[in-house]
2 protein chains.
Amino acid sequence: MTSATSPRAAPTLHERITGDIESRILSGEWPPGARIPFEHELSARYGCSRMTVNKALTELARSGLIERRRKVGSFVTHSPARSALLEIPEIKAEVDALGEPYRYEILSRRRRRPARADARLLEGHEGAEVLDLTVRHWAGERPFCLEERLINLGASPEAAAESFAELPPGPWLLRRAPWTNAEHRIRARGADPRRAGLLKVAPGSPLLTVERRTWSGRTPVTYVQITYPGDRQELVARFSPGQRGATPGSTAA
Amino acid sequence: MTSATSPRAAPTLHERITGDIESRILSGEWPPGARIPFEHELSARYGCSRMTVNKALTELARSGLIERRRKVGSFVTHSPARSALLEIPEIKAEVDALGEPYRYEILSRRRRRPARADARLLEGHEGAEVLDLTVRHWAGERPFCLEERLINLGASPEAAAESFAELPPGPWLLRRAPWTNAEHRIRARGADPRRAGLLKVAPGSPLLTVERRTWSGRTPVTYVQITYPGDRQELVARFSPGQRGATPGSTAA
DNA sequence: CAGTGGTCTAGACCACAGT
DNA sequence: CTGTGGTCTAGACCACTGC
């Protein structure tokens, strides 16, 4: 694999080994289930130390192309990787990428005790108050997306006093309460009248919704639902076995 | 922290170092831009060799938490890559998870020269014929999703003679032509009359579409568009900074 | 120039899974 | 038991970069 970085400078030895094995697998020469030479065989073949071979094989294992079992050996995976890296761009960056001027407005802001429904959203919530925000993001003269967010004031008390005038809540939170875990749900739904109005689309037209819940450790930080007009927004995820190829990519209109 | 693998066996030394640094970063003790101790400092602090430290730092760099520059040092990343691991489940597994009986049917199958429009879809295509398939997947008595696929017969000639009676095209391809790169686009759109009919939903109702293009090296393998009724399907992605948590999840197509 | 990370070596010991 | 991968060491040289 090795890499997805630029041209191909001077491949290091372990990169060469990784690439060699990778191409044998991809060419079908080593089909799924095939045993890969032992580390000591490869180190002999390449005239290098076992550690170097190990680095290559460890990399292949991490990327999911091979599986390794002690005492048995390393084998080509039967069903390679089943996941892709989804980029979570900042909204401002998305709008900038369109070449449109970006702005946002806080449509509503309420501090309140969490309702029962919120408990599900902020899983693990301990009962502190929440800040309930609605933010509309603009790309030029068009509403770009709608952000509906709950912030757990137990996790981020300073949020209560923050106006979010300088920085929208998303980036602001990133600075104050970096998260360690996140879960995203992506779905399509028809626009209800309220969201249709705010996004200036016809009621019932398709919307793309990304829900995100983030935790810092076990403490829920925020729950946010970002809704895009479906015809104008795409999410892009890329995958290559070597995870480094996490192409910047992202969205488009 | 580190890892998402099971309980926590006995963390190895480099795992411990990785975890230590990671938690210092996430706790804010080492804010973005902060310099991380040099490798030789860490190896002294942990009483281990520099290679072990290097392994830990390399891992952190790969996961995007730190950046490393020669002669300068290692630094906490300013904007940690916000990416999430999107699971690409196999359709059968999704339906099984619902507890519904699964079946699929090939609705159409055409072998043809690629039209001009296909070139965009199969980026890098060299002019071989393509196999154009439409497959409907069922969950019990309900259409579950629609699969519209182009297979590059240049990359996978055996597909031309395959009936896909035993295995749907996705899993079949995975066995024959594993891919090295994939790109996914996710969007919401309204159901056109044809898809509405095939999925038995009202025209105009929101659909969630996942487009996937895969390559084996630079050769395009397949382009597929999978369309779900939007109200019934969600995509879930999870993230934790240590990428190793590459959820086992299901399988892919 | 000096000092960093990047790579590599030639050993070593261990845990573990097959026999 | 044996042999595998997993980890680690105490060195080494190099390339690059900033002074």
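Letters A, B, ... mirror the listed sequences (proteins, then strands); counts begin at 1.
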query = Where the side chain of A:Ser63 meets the backbone of A:Leu60, is there a donor-acceptor pair that is under 3.5 Å apart?
reply = yes

Polar atom pairs (N or O), protein with nucleotides 10-17 of chain D, under 3.5 Å:
from: D:dA12; atom 1: N6; to: B:Arg50; atom 2: NH2; distance (Å): 3.1

request  = Round to a whole Å and report the spacing from NE2 of B:His14 to C1' of D:dG5.
outcome  = 14 Å

query = So which one's nearest nucleotide on DNA chain C is more toward 5', A:Tyr46 or B:Ile36?
reply = B:Ile36

message = Output the rounded distance in Å from CG (B:Leu42) to C1' (C:dG5).
response = 13 Å

ask   = Can you tell me how far C1' of D:dG3 sits from CZ of A:Phe38, to the nearest Å?
value = 8 Å

remark   = A:Asn54 CG to C:dC14 C1', in whole Å, measures 14 Å

request  = Let me know the distance between CZ of A:Arg69 and C1' of D:dG3, rounded to the nearest Å.
outcome  = 15 Å

ask   = Quick one: is A:Arg68 getting a side-chain N or O under 4.0 Å of the D:dG6 phosphate, OP1 or OP2?
value = yes

request  = Write down the distance between CD (A:Glu39) and P (D:dG6), rounded to a whole number of angstrom.
outcome  = 6 Å

request  = Could you tell me whether B:Leu57 contacts a base, only the sugar-phosphate backbone, or nothing, with contacts defined as non-hydrogen atoms closer than 4.0 Å?
outcome  = nothing

key: Between D:dT7 (P) and B:Glu15 (CD): distance, integer Å   = 7 Å

ask   = Has A:His40 got a side-chain N or O lying under 4.0 Å from the OP1 or OP2 atom of D:dG3?
value = no

Nucleotide of C:dC8, C:dG18, D:dC8 approaching B:Thr52 most closely (side-chain heavy atoms) = D:dC8

request  = Would you indicate what B:Ser74 reaches in the nucleic acid, counting non-hydrogen atoms under 4.0 angstrom: base, sugar-phosphate, or nothing?
outcome  = sugar-phosphate

task = For A:Arg187, enumerate each residue passing the salt bridge (charged side-chain N to carboxylate O under 4.0 Å, His left out) test, keeping only those at least two apart in sequence or located in another chain.
result = A:Glu211, B:Glu234

message = Give me the stems containing DNA chain C, sorted by first residue, counting only three or more consecutive Watson-Crick or G-U pairs with both distances under 3.5 Å; say none if there aren't any.
response = C:1-18 with D:1-18

remark   = residues 41-64 of chain A vs ring pair (Phe, Tyr, Trp, His ring centres under 6.0 Å), sequence neighbours excluded, gives none

Results of side-chain contact (heavy atoms from CB on, under 4.5 Å) for B:Arg103 - residues two or more places apart only = B:Trp138

key: Donor-acceptor pair, side chain of A:Ser156 and main chain of A:Leu153, under 3.5 angstrom   = no

message = I'd like to know if B:Glu147 pairs up with B:Arg149 as an ion pair, taking the criterion as any Lys NZ or Arg NE/NH1/NH2 lying under 4.0 Å from an Asp or Glu carboxylate oxygen.
response = yes

task = Could you tell me the separation between the CD atom of B:Glu67 and the P atom of C:dG6, rounded to a whole number of Å?
result = 12 Å

request  = Applying ring-ring contact (aromatic ring centres under 6.0 Å, His included), name anything that partners A:His137, two or more places apart in sequence or on another chain.
outcome  = A:Tyr102

inquiry  = With a sphere of 6.0 Å drawn around CD of B:Glu166, does it hold more than 12 non-hydrogen atoms of other residues, nucleotides or ligands?
reply    = no

key: Any donor-acceptor pair under 3.5 Å from A:Thr77 side chain to A:Gly64 backbone   = yes

